[in-house]
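Small disclaimer: the values here were computed from a predicted structure and weren't measured.
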Amino acid sequence: MQTVQKVEQVKHLPLKFGEIARYVIVPGDPNRVPLIADSLDNSIHQGQNREFNAYKGTYKGIDVSVVSTGIGCPSTAIAVEELSYIGAEVLIRIGTSGSVDKSATKGEIFIATAAVRDDGTSKQYMPIEFPAIASHDVVDNLIKASKDLDIDTKVGICQSKDSFFGETEPERMPVAPYLDYKWSSWKKGGVGASEMEAATLFTLSHIKKIRAGAILAIETSDKETVQDMTKIVLESITYMEGSRDVEK
């Protein structure tokens, strides 16, 4: 019986079956993709459609893709759906965030263990009682890589929101008391960072039976910090691939 090869393109990403690596770095900003891809060998630009910009290369002989998700959980859900469909197995977000309880301060790097589901998209997949948790092996390897590279990081829970200005300028919103109440709750609960994608990334990855993690720069998007996060992520990928080879 003849096997039909899958070559069709997915609906939103500029990619086809066979064009995605097992390991995918997923920043939000499409303009950050080439900066991350600069750390790869033999990187090629595979295309861009809307907010989804895609590169692929290698790191220490391991295939790695970099695909942006755009801002927010709705476009992140599209990216996770289509990336998992065409063969991605590990998604690691490199992003920026605000600080919530001030345990992490401006310029520091934050590794998320889980996310508060303060978004609307993940509720379209699972009831709110379902936790958004990063894959433990991804978290463990991000922490190990940061220590081996001697790059300081903080570790904890982040919050994923739908409104950027609802966080930065809550006082001008008609629901300001509600936003202030929730923000106070996150602070008292020890939430360390606030961003806009991780909750849906973690929730959908669990549903799709793939692995996910996130590393965030607190209140900065400078090139050096992005490069440090990229180093951590790429080294963590080598650890994961090494473990996979041992399991074989």
Inset, instruction - Report whether Val155 and Leu149 are members of the same hydrophobic cluster (ILVMFWY, side-chain heavy atoms less than 4.5 Å apart, transitive linking). - result: yes
Inset, instruction - Indicate yes or no: does Glu169 engage Arg172 in a salt bridge with an N to O separation below 4.0 Å. - result: yes
Legend entry - Minimum heavy-atom distance Glu235-Lys60, with the two atoms named: OE2-NZ, 2.9 Å
Legend entry - Partner of Tyr125 under side chain to side chain donor-acceptor pair (under 3.5 Å), chosen from Glu81, His206, Lys208: Glu81
Legend entry - Cluster overlap Leu13 with Phe17, hydrophobic side-chain contacts below 4.5 Å: yes
Inset, instruction - With rounding to the nearest 0.5 Å, note down the distance linking CG in Asp140 to CE in Met240. - result: 10.5 Å
Legend entry - Test item: Arg211 and Leu91 side chains (from C-beta on) under 4.5 Å apart, heavy atoms: no
Inset, instruction - Would you kindly confirm whether Leu40 and Ile25 end up in one hydrophobic cluster when ILVMFWY residues are joined by side chain heavy atoms under 4.5 Å apart? - result: yes
Inset, instruction - Is it possible for you to say whether Leu201 and Ile133 belong to one hydrophobic cluster, with membership spreading through side-chain heavy-atom contacts below 4.5 Å? - result: no
Legend entry - Matching residue for Leu142 among Ile232, Asp137, Ile237 - test: side-chain contact (heavy atoms from CB on, under 4.5 Å): Ile232
Inset, instruction - For Asp148 and Tyr239, run side chain to side chain donor-acceptor pair (under 3.5 Å): C-alpha distance rounded to whole Å, both residues' side-chain angles, the deciding distance at 0.1 Å, then the answer. - result: CA-CA 11 Å; Asp148 291 347; Tyr239 301 157; 2.6 Å; yes
Inset, instruction - State, with a plain yes or no, whether a side-chain heavy atom of Ile92 is found less than 4.5 Å away from one of Val138. - result: yes
Legend entry - Working for side chain to side chain contact (heavy atoms under 4.5 Å, CB included), residues Ile109 and Asp152: CA-CA 7 Å; Ile109 294 174; Asp152 291 335; over 6 Å; no
Inset, instruction - Look at the side chain of Arg117 and the backbone N and O of Pro127, then say whether any donor-acceptor pair between them is shorter than 3.5 Å. - result: yes
Inset, instruction - Verify the distance criterion only: is there a donor paired with an acceptor across the side chains of Ser103 and Asp101 at less than 3.5 Å? - result: yes
Inset, instruction - Not counting sequence neighbours, which residues clear salt bridge (Lys or Arg N to Asp or Glu O under 4.0 Å) with Asp41? List them please. - result: none
Inset, instruction - For Gly28 and Ser68, work out which heavy atoms get closest and say how close. - result: O-CB, 3.7 Å
Legend entry - Any residue meeting salt bridge (Lys or Arg N to Asp or Glu O under 4.0 Å) with Asp38, in chain and number order, not counting sequence neighbours: none
Inset, instruction - Kindly say whether Val100 contributes a backbone atom to a donor-acceptor pair with the side chain of Ser194 at under 3.5 angstrom? - result: no
Legend entry - Single-linkage hydrophobic cluster Ile218~Val116, side-chain heavy atoms < 4.5 angstrom: no
Inset, instruction - Kindly give the heavy-atom pair with the smallest separation between Gly98 and Glu167, and that separation in Å. - result: CA-OE2, 4.3 Å
Legend entry - Polar side-chain atom of Glu89 near backbone of Tyr23 as donor-acceptor pair, under 3.5 Å: no
Inset, instruction - State, yes or no, whether a side-chain contact exists between Thr238 and Ile62 at a heavy-atom distance under 4.5 Å. - result: yes
Legend entry - Side-chain donor/acceptor of Ser99 to backbone N/O of Ala104, under 3.5 Å: yes
Legend entry - Distance (rounded to the nearest 0.5 Å) between Ile111 CD1 and Cys158 SG: 12.0 Å
Legend entry - Thr220 side chain to Ala217 backbone, donor-acceptor under 3.5 Å: no
Legend entry - Approximate separation, where rounding is to 0.5 Å, of Met229 CE and Arg93 CZ: 9.0 Å
Inset, instruction - Take atom CD of Glu171 as the centre, draw a 6.0 Å sphere, and report whether it contains more than 12 heavy atoms from other residues, nucleotides or ligands. - result: yes
Inset, instruction - Give a yes or no answer on whether the side chain of Ser65 reaches the backbone of Ala21 with a donor-acceptor pair at less than 3.5 Å. - result: yes
Legend entry - Listed once per pair and sorted, the ring-ring contact (aromatic ring centres under 6.0 Å, His included) pairs that draw on residues 25-82, sequence neighbours left out: His45-Tyr55
Inset, instruction - Give the intermediate values and the outcome of side chain to side chain donor-acceptor pair (under 3.5 Å) for residues Thr225 and Asp228. - result: CA-CA 5 Å; Thr225 305; Asp228 281 346; 5.7 Å; no
Inset, instruction - Heavy atoms only: give me the nearest Ser122-Thr200 pair and the separation to one decimal. - result: N-OG1, 3.5 Å
Legend entry - Side chains of Thr76 and Val26 in contact at under 4.5 Å (non-hydrogen atoms): no
Inset, instruction - Provide the closest heavy-atom pair for Pro30 versus Asn53 in the form atom of the first, atom of the second, distance. - result: O-ND2, 3.0 Å
Inset, instruction - State, with a plain yes or no, whether a side-chain heavy atom of Ile94 is found less than 4.5 Å away from one of Ile36. - result: yes
Legend entry - Close side-chain approach of Thr69 and Pro27, heavy atoms under 4.5 Å: no
Inset, instruction - Would you confirm whether Ser184, through its side chain, and Asp180, through its main-chain N or O, come within 3.5 Å as a donor-acceptor pair? - result: no
Legend entry - Approximate separation, where rounding is to 0.5 Å, of Leu204 CG and Gln124 CD: 11.0 Å
Inset, instruction - Dump the intermediate steps for side chain to side chain donor-acceptor pair (under 3.5 Å) on Ser160 and Glu195, then the final yes or no. - result: CA-CA 5 Å; Ser160 297; Glu195 52 82 77; 2.5 Å; yes
Inset, instruction - For the residue pair Ile215 and Val233, establish whether any side-chain heavy-atom pair is separated by less than 4.5 Å. - result: yes
Inset, instruction - Please name all residues satisfying salt bridge (Lys or Arg N to Asp or Glu O under 4.0 Å) with Lys56, sequence neighbours left out, ordered by chain then number. - result: none
Legend entry - NZ/NE/NH1/NH2 to OD/OE distance under 4.0 Å, Lys161 and Asp119: no
Legend entry - Straight-line distance of Ser221 OG to Asp29 CG, nearest 0.5 Å: 8.0 Å
Inset, instruction - Please say whether more than 12 non-hydrogen atoms of neighbouring residues, nucleotides or ligands are located less than 6.0 Å from NZ in Lys123. - result: yes
Legend entry - Distance (rounded to the nearest 0.5 Å) between Gln227 CD and Ile151 CD1: 10.5 Å
Legend entry - Derivation and outcome, side chain to side chain donor-acceptor pair (under 3.5 Å), residues Thr105 and Glu108: CA-CA 6 Å; Thr105 58; Glu108 292 189 306; 3.2 Å; yes
Inset, instruction - For Leu83 and Val67, run side chain to side chain contact (heavy atoms under 4.5 Å, CB included): C-alpha distance rounded to whole Å, both residues' side-chain angles, the deciding distance at 0.1 Å, then the answer. - result: CA-CA 9 Å; Leu83 287 168; Val67 182; 4.1 Å; yes
Legend entry - Remaining members of hydrophobic cluster (4.5 Å side-chain criterion), Ile71: Phe164, Phe165, Met173, Val175, Tyr178, Leu179, Met196
Inset, instruction - Can you see which heavy atom on Ile20 is nearest to which on Ala88, and at what distance? - result: CG2-N, 3.9 Å
Inset, instruction - Identify, with sequence neighbours excluded, every residue that meets side chain to side chain donor-acceptor pair (under 3.5 Å) alongside Arg32. - result: none
Inset, instruction - Measure from the side-chain N and O atoms of Glu19 to the backbone N and O of Lys16, and report whether any donor-acceptor pair falls under 3.5 Å. - result: yes
